[in-house]
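Take a look at the structure set out below.
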Number of protein chains: 2
Amino acid sequence: MARYEHIAGELRDAIVRGDYPIGAQLPTEAELASRFNAARGTVRQAVAVLVAEGLVGTRQGARRIVLGSERSQSFAELHSFAQWARSVGHQAGGLVLDSHRRPSTPSEAVRLAITPGEEVLVVVRLRRLDGEPVLVERTVYASWIAPAVEKLDPACESVTQELYEAVGLVFAYGEHLIDAVAAGAEDARLLGVRRGSPLLRQRRTTTSQEGRPVECSDDRYRAGSVTFSIRNSTTANSLVRRAGD
Amino acid sequence: MARYEHIAGELRDAIVRGDYPIGAQLPTEAELASRFNAARGTVRQAVAVLVAEGLVGTRQGARRIVLGSERSQSFAELHSFAQWARSVGHQAGGLVLDSHRRPSTPSEAVRLAITPGEEVLVVVRLRRLDGEPVLVERTVYASWIAPAVEKLDPACESVTQELYEAVGLVFAYGEHLIDAVAAGAEDARLLGVRRGSPLLRQRRTTTSQEGRPVECSDDRYRAGSVTFSIRNSTTANSLVRRAGD
DNA sequence: TAAAGCAACTTGTACAAACAAGCGAGACCA
DNA sequence: TGGTCTCGCTTGTTTGTACAAGTTGCTTTA
């Protein structure tokens, strides 16, 4: 592990432990540098991690302050439903309901950076959390990854992990659009809710390490089952609000 | 403007302009350093900005690649409904429907870091976008800022901006919980939708520059009116998925 | 008494240098 | 032909230094 990551970890632990309660000031860079016997630049890099996590606020001239004390998840947990579930102490399940190939629509072609009409693989999965159905996933895979996806166990828990182990594919980058929609007939039946009841929708496009789009998906969470959490500040943020659709 | 900000801007423009299309490689750090006549560290800082914005992907050993070409909004737009609306070419409106003081509930006291039972100011606002009602805001303000809030024009467009001009308050940090809920009777009436129809809910707590909680709010968007957009990667992210409530 | 200004402190920016670590392509070998 | 290895390239980490810029509290001044 890098030196700055170690220092960031120590500081994070101290914050989570309550050594630096919310609202308190963090030691100065000079203080931390001497305490960890590191250069100031290294300490700055460590603190930058906590700032990015939203645990610490910083502004020029003033001591840094603690904004939060909850450890946030890493992206791996975010992206892999199963791994996220495990990390927060829940049991994830999955089941493929449908899987077939068809030509891509124009909008899918754009999102997956393929030629319109090129064949894609469509997979519908129902995901459970502690046995309860909470999520309907409708995923469109680019054809170059389709064979590997079709070989997966229909009840496979973590698609992300299986694909990594099978072909070394890493889901590295994601773009997400989040809004609310009414449950359609199929959504309602699968999730055990009434038609028209509220669902949290997450449309995402996932890209490999090399920048190649892998999949785009329409995920619908039953209301009350899952909440997205975000921390941000006037500087540095990745959340955007958009009008309409 | 800082040197690295200038370089970041140039690169961002080049990407938006299409000089480096999605999937293309960015020049190496050495190349950029000589082109901008800057030290490598400065170039790294510039590129880090684009990486944080999700426009560029990076991994050790390989050239950086372009992931997206849309300019994302700054946090000011995120947080101030009116300013965000203006920046995307829409007209925002607001109207205070109710405003009264009452003792804080225990959970509000925790979120605002005040003593339970201490008086707070509750304001209900209906927000419009191009004349259409799209958002019901139920905001709880800590008592120390309440007088300034009560002095605001009920039809005030941007609360954030007015408070900044009036008392120099800056909304610097925010924590957000996003999920979907069914419209209650009041929500439905105000937004002109049916009871039980889906709403996108954003619960947020806002903190001043100094780390002092200012307000917490329950904002409900009419389905289809607004979408949240997020970019992230395996490294560095601020989005967390949570189970239940 | 209140405003203005100064001084110490703290974080931000920029440069330079050296080494570590991962990637990719071509060379090499079985 | 197919796998392995090596080497050059590129990004990541760390240290050190110097100065810029914002904050805060104290002092001075009107």
Side-chain angles (χ1 to χ4, degrees), chain A residues 1-11 20 23-52 55-67 164 168-170 172-173 208-212 233-236, chain B residues 1-11 20 23-52 55-67 164 168-170 172-173 208-212 233-236:
Chain A
M1 202 203 314
R3 202 123 164 59
Y4 80 90
E5 285 178 304
H6 173 253
I7 298 174
E10 294 277 315
L11 287 176
Y20 303 109
Q25 292 185 332
L26 238 51
T28 66
E29 292 179 356
E31 159 85 21
L32 291 172
S34 81
R35 183 185 305 176
F36 290 105
N37 197 29
R40 195 183 147 215
T42 307
V43 170
R44 283 182 64 78
Q45 211 169 343
V47 176
V49 173
L50 304 183
V51 171
L55 254 49
V56 169
T58 184
R59 65 194 165 120
Q60 188 173 15
R63 291 274 286 271
R64 280 182 255 256
I65 50 176
V66 177
L67 295 174
Y164 174 68
L169 178 69
V170 176
Y173 307 106
S208 75
Q209 259 183 338
E210 297 80 21
R212 202 172 180 190
S233 68
T234 43
T235 64
Chain B
M1 202 201 319
R3 201 120 166 62
Y4 80 91
E5 285 178 304
H6 173 252
I7 298 175
E10 294 277 313
L11 288 175
Y20 303 109
Q25 292 184 332
L26 238 51
T28 67
E29 292 179 357
E31 159 85 21
L32 291 172
S34 81
R35 184 185 305 177
F36 291 103
N37 195 31
R40 196 183 148 216
T42 307
V43 170
R44 284 183 65 77
Q45 209 170 345
V47 176
V49 172
L50 304 183
V51 171
L55 255 47
V56 168
T58 184
R59 62 192 167 125
Q60 188 172 12
R63 292 274 285 273
R64 280 181 257 256
I65 49 176
V66 177
L67 295 173
Y164 174 68
L169 179 69
V170 176
Y173 307 106
S208 75
Q209 259 183 338
E210 297 79 22
R212 201 171 180 191
S233 69
T234 42
T235 63

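Reminder, nothing fancy here: chain letters follow the sequence lines and each chain counts from 1.
Annotation: proximity of residues 33-42 of chain B to DNA chain D (heavy atom, distance under 4.0 Å) is found for B:R40, numbered in ascending order. A heavy atom lying under 4.0 Å from DNA chain C marks none of the residues of residues 2-9 of chain A.
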Compile the donor-acceptor pairs under 3.5 Å between side chains in residues 28-35 of chain A and protein atoms, sequence neighbours left out, one pair per line.
{"residue": "A:T28", "atom": "OG1", "partner": "A:E31", "partner atom": "N", "Å": "3.1"}
{"residue": "A:E29", "atom": "OE1", "partner": "A:R40", "partner atom": "NE", "Å": "2.4"}
{"residue": "A:E29", "atom": "OE1", "partner": "A:R40", "partner atom": "NH2", "Å": "3.1"}
{"residue": "A:E29", "atom": "OE2", "partner": "A:R44", "partner atom": "NH1", "Å": "2.7"}
{"residue": "A:E29", "atom": "OE2", "partner": "A:R64", "partner atom": "NH2", "Å": "2.4"}
{"residue": "A:E31", "atom": "OE2", "partner": "A:R35", "partner atom": "NH2", "Å": "3.1"}
{"residue": "A:S34", "atom": "OG", "partner": "A:E31", "partner atom": "O", "Å": "3.1"}
{"residue": "A:R35", "atom": "NH1", "partner": "A:Y20", "partner atom": "OH", "Å": "3.2"}

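The nearest whole Å value for the distance from the CD atom in A:E31 to the C1' atom in C:dA8 is 17 Å. When rounded to the nearest whole Å, the span between CZ of B:R44 and C1' of C:dT13 equals 16 Å. For the pair A:E210 CD and D:dT11 C1', the computed distance is 16 Å after rounding to whole Å. Taking atom CD1 of B:I65 as the reference point, atom P of C:dC23 lies 13 Å away to the nearest angstrom. Rounded to an integer number of Å, the gap from B:R59 CZ to C:dG22 P is 12 Å. Remark: C1' of C:dT10 and CG of A:L26 are 13 Å apart, rounded to the nearest angstrom. Summarising the geometry, the separation between CD on A:Q45 and C1' on C:dA20 is reported as 14 Å, rounded to the nearest angstrom.
If you check every strand for non-hydrogen atoms under 4.0 Å, B:Q60 touches a base.
If B:T28 and A:G61 are placed on DNA chain D by their nearest nucleotide, the residue sitting closer to the 5' end is B:T28.
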